[in-house]
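Here the structure is laid out as structure tokens; the discussion comes afterwards.
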Amino acid sequence: MYQVVRARLCALVCGVGTALRRRAVRQGPRRDAGMVTSEYAMGIVAAVAFAVVLYKVVTSGAVSAELQGIVKGALDARM
């Protein structure tokens, strides 16, 4: 039983590897391998801007009071 399962698993894995190699050959070399430095910089700037906006929203009075109310309600819950 173990040998049958192992043989089928090996055939499956080998088949997947062969399919991936065939696909890579068929597609040829990739022209766009990833982001360039300027795209990384723009991504970082956007992430920092989003973090600042999120920080301002979370630390605002209304949101802070709501979060404190939620935490207080959770701590006062009876079990």
Side-chain angles (χ1 to χ4, degrees):
M1 176 80 171
Y2 170 76
Q3 293 161 341
V4 172
V5 171
R6 185 172 180 192
R8 287 185 181 177
L9 184 60
C10 183
L12 176 67
V13 171
C14 293
V16 169
T18 303
L20 290 176
R21 282 191 296 277
R22 286 181 186 160
R23 181 177 169 199
V25 168
R26 189 172 54 233
Q27 288 180 349
R30 294 181 63 189
R31 293 184 185 150
D32 187 18
M35 292 194 304
V36 294
T37 305
S38 61
E39 291 172 333
Y40 279 118
M42 292 303 295
I44 290 171
V45 168
V48 169
F50 181 72
V52 168
V53 169
L54 187 61
Y55 176 76
K56 288 292 186 180
V57 168
V58 169
T59 57
S60 69
V63 174
S64 181
E66 282 296 318
L67 288 174
Q68 287 178 357
I70 291 170
V71 171
K72 185 175 180 175
L75 293 176
D76 290 340
R78 301 193 82 196
M79 291 192 197

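Numbers for residues simply follow the sequence, beginning at 1. All values derive from a computational prediction rather than experimental measurement. These values consider heavy atoms only, across backbone and side chains, with no hydrogens, waters or symmetry-generated copies.
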Inset, instruction - Would you confirm whether S64, through its side chain, and G61, through its main-chain N or O, come within 3.5 Å as a donor-acceptor pair? - result: no

Legend entry - Whichever hydrophobic residues join V71 through chains of side-chain contacts under 4.5 Å: L75

Legend entry - Non-neighbouring partners of L54 that pass side chain to side chain contact (heavy atoms under 4.5 Å, CB included), sequence neighbours left out: F50, V58

